[in-house]
Amino acid sequence: MRYLLNGTQMSAADRHTIENVGIPSLVLMERAALKTVETMHIHGIDTSRALVVCGSGNNGGDGFAVARLLTEEGTQAHILFAGREASMSRECGVQKRIAENLGIRIFTEIPEEEYTVIIDAVFGVGLSREISGKYADIIEWMNAWECEKVAVDIPSGVSAASGRILGTAFRADLTVAMACVKAGCEMYPGKYYAGDTLAVPIGIDPEIFASDEEVCITYDRADIPGLLPERNPDSHKGSYGKVLMITGSSGMAGAAYLSAKAAYTVGAGLVQIYTAQENRSILQELLPEAIISCYQEYDDGQLIHLLEWADVVCIGCGLGTGEVSEMLLEGVLSKVRVPCIIDADGLNLLSRKMNLLEQIQAPLILTPHMKEMSRLTGISVTEIADRRMDIVREFTDRYPAVCVLKDSRTIVKSKGNHPFLNLAGNSGMAKAGAGDVLAGVITGLSAQGMSAYESAALGVYLHACGGDEAREEKGSYSMLARDLIAGIGRCMKNNEENHRRDTENETA
């Protein structure tokens, strides 16, 4: 697990390290500069003629120190000071005077030299205003150069919290992040400007964020074995949960099939599909492992019986939004006592009667994409895109649910837990049926006893890793939703084998 910070959180970490740990700000600055130079060398960046563009804050101080370290190596390093003397931080002023004392060439106007690399240290994570005037001109000039580009901590002009571009922004090939990668460097459009991102240690302990539920987290593949529910050698199908999928209106058997098969693929023990009568024969052929129960009209007694049988319920995939579907959703929300996942048409029905959430007496997971989230909240898609983290937080503060906001960077949030930001996956997953697979994955994990938040976060990540596996197999144009399920299976198998091998090596 890794932390992804916004500007406020990074500033608080700086203060904690300086005031409570006792590491002086200038020491942190020196470490930042040293790690930036070291990272550039590791990545093979030609620093023989470097221009460091510095602002007047501490990010600029990092830049002055970078130029000094490069000069000490015997390379040609120049500085373009883009800031203002009057607003210079104390530490930046110290670093600037050192550079002057060493005779490093400092420009205050755009130089006419040629450089192999331009290093951006103009604005740090605290920037919140739009960039304009002289600063915008300098950044556009930096972007126009055909040389390698490196950002110190974050590209100037990218919002550390949202990835929004504040007027204009530096386009980096590499961003060297201090302590933790900033959330805005992994969210679009900021990701386009950050290039490759790498976090480097400078003396700030990331574990200080563990108790702050506002700090975003993400997973890497090495985390999967420790996150998956254990499988006991002395077990049976009932040990891994009974899943009820209320999915697939007439003609929508595909959604029921994809979600149910995905639940089985991640380890659920038994899946029962409750679907329109017309889907019975095709589902029995496509997925003989599943129990098929059917309806032609709403039957309250049958629904109660099924809900009493289930350990987890998923409703909505291909369900439709007609009268029977509406009655099914209302019946489930009023009667369910086990974890419940609501997806697709279930969310569209819910958006008409949000008061239904007030009567829920079970853990609840909602999986809206951006348009569905707009229907649930009444907020435009554009505003959600700009303020997604805040809006998801506000939504989960108001409603007793885990919210999985699906997008190219899916967010998972529930009250009392860190926001989870998914960084895996690819554009090939933008296909019909991918959402049904995700709903099934989350449901299958929940059936095995994982909490609503844990099953949602891991489900999103496994789903995305499955997409990456499918792209390797099929390519991003040709992969289908069913290929995600196969990819998830391969991903879990590989991680299981790697974990077993690591365990055997440790005990050898």
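On a predicted model such as this, the values are computed, not experimentally measured, just so you know.
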[Y] and [X], any side-chain heavy atoms less than 4.5 Å apart:
X	Y	value
Leu350	Leu356	yes
Ile154	Asn59	no
Pro400	Ile360	yes
Asp120	Lys149	no
Arg280	Leu283	no
Thr275	Ile292	yes
Asn417	Glu454	no
Cys340	Ile365	no

How close do [X] and [Y] get, counting heavy atoms only, and between which atoms?
X	Y	answer
Val460	Val412	CG2-CG2, 3.8 Å
Cys180	Pro206	SG-CB, 4.1 Å
Arg337	Ala362	C-CB, 3.7 Å
Ile488	His463	CD1-CA, 4.0 Å
Ala161	Ala183	O-CB, 4.2 Å
Gly320	Asp345	N-OD2, 2.6 Å

(request) Quick one: list whatever passes side-chain contact (heavy atoms from CB on, under 4.5 Å) with Thr377, sequence neighbours left out. (result) Met373, Ile379, Ile384, Phe395

(request) Using the side chain to side chain donor-acceptor pair (under 3.5 Å) rule, pick out the option among Thr197, Asp153, Asn6 that qualifies with Lys182. (result)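 By the side chain to side chain donor-acceptor pair (under 3.5 Å) criterion, Lys182 pairs with just one of Thr197, Asp153, Asn6: Asp153.
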
Return the [atom1] to [atom2] distance between [X] and [Y], rounded to the nearest 0.5 Å.
X	Y	atom1	atom2	result
Glu230	Ser239	CD	OG	13.0 Å
Cys294	Ile273	SG	CD1	9.5 Å
Arg171	Ile118	CZ	CD1	14.5 Å
Ile342	Leu366	CD1	CG	5.5 Å
Ile246	Leu328	CD1	CG	6.0 Å
Ile217	Leu4	CD1	CG	9.0 Å

Can you list everything that forms a ring pair (Phe, Tyr, Trp, His ring centres under 6.0 Å) with [X]? Sequence neighbours excluded, please.
X	value
Tyr264	none
Tyr298	none
Phe170	none
Tyr295	Tyr274

Is the shortest side-chain N to carboxylate O distance from [X] to [Y] below 4.0 Å?
X	Y	result
Glu213	Lys413	yes
Arg398	Glu394	no
Arg221	Glu469	yes

Please report, to 0.1 Å, the donor-acceptor pairs under 3.5 Å made by any side chain of residues 419-430, with sequence neighbours excluded.
residue: Asn422; atom: OD1; partner: Ala424; partner atom: N; Å: 3.4
residue: Asn422; atom: ND2; partner: Ala424; partner atom: O; Å: 3.1
residue: Asn426; atom: OD1; partner: Gly428; partner atom: N; Å: 2.9
residue: Asn426; atom: ND2; partner: Gly467; partner atom: O; Å: 3.0
residue: Asn426; atom: ND2; partner: Asp468; partner atom: OD1; Å: 2.9

Could you tabulate the donor-acceptor pairs under 3.5 Å formed by side-chain atoms of residues 472-486, not counting sequence neighbours?
residue: Asp483; atom: OD2; partner: Leu480; partner atom: N; Å: 2.7

Neighbour count >12 (heavy atoms, 6.0 Å) for atom [atom1], [X]:
X	atom1	answer
Glu285	CD	no
Gln359	CD	yes
Ile282	CD1	no
Lys191	NZ	yes

Validation: residues 404-411 side-chain donor-acceptor distances under 3.5 Å, sequence neighbours left out:
residue: Lys406; atom: NZ; partner: Asp343; partner atom: OD1; Å: 3.2
residue: Lys406; atom: NZ; partner: Thr367; partner atom: O; Å: 3.2
residue: Asp407; atom: OD2; partner: Arg388; partner atom: NH1; Å: 2.7
residue: Arg409; atom: NE; partner: Glu186; partner atom: O; Å: 2.4
residue: Thr410; atom: OG1; partner: Asp407; partner atom: N; Å: 3.2
residue: Thr410; atom: OG1; partner: Asp407; partner atom: O; Å: 3.1

(message) Checking Thr321 against Glu326: is there a side-chain donor and acceptor pair closer than 3.5 Å?
(response)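 Distance-only check fails for Glu326 and Thr321.
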
(message) Under a 3.5 Å threshold, yes or no: a donor from one side chain and an acceptor from the other, between Glu372 and Ser351?
(response)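 Side chains of Glu372 and Ser351: no pair found under 3.5 Å.
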
(request) Only pairs at least two apart or in different chains count here, so list each side-chain hydrogen bond (donor to acceptor under 3.5 Å, both in side chains) that has a residue in residues 431-449. (result)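 Every side-chain hydrogen bond (donor to acceptor under 3.5 Å, both in side chains) pair that includes a residue of residues 431-449, provided the two are not neighbours, is Arg231-Gln448.
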
Any donor and acceptor pair, going by atom type alone, linking the side chain of [X] with main-chain N or O of [Y] inside 3.5 Å?
X	Y	answer
His418	Ala210	yes
Glu130	Gly167	yes
His43	Ile45	no
Asp223	Asp220	yes
Thr175	Ala194	yes
Ser11	Gly7	yes
Ser156	Phe123	yes

(request) Could you tell me which residues satisfy salt bridge (charged side-chain N to carboxylate O under 4.0 Å, His left out) with Asp390, sequence neighbours excluded, listed by chain and number? (result)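 Per chain and number, Asp390 pairs via salt bridge (charged side-chain N to carboxylate O under 4.0 Å, His left out) with Arg393.
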
(request) Name all residues meeting the salt bridge (charged side-chain N to carboxylate O under 4.0 Å, His left out) criterion together with Glu496; count only those two or more places apart in sequence or in a different chain, and write none if there are none. (result)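 Arg500.
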
Would you give me the side-chain donor-acceptor pairs under 3.5 Å for residues 248-261, sequence neighbours excluded?
residue: Ser249; atom: OG; partner: Gly318; partner atom: O; Å: 3.0
residue: Tyr257; atom: OH; partner: Lys261; partner atom: NZ; Å: 3.3
residue: Ser259; atom: OG; partner: Ala255; partner atom: O; Å: 2.9
residue: Ser259; atom: OG; partner: Ala256; partner atom: O; Å: 3.2

(request) Begin from the C-alpha positions of Lys353 and Glu358 and carry the test salt bridge (charged side-chain N to carboxylate O under 4.0 Å, His left out) through to its verdict. (result) CA-CA 10 Å; Lys353 296 185 177 181; Glu358 298 172 2; over 6 Å; no

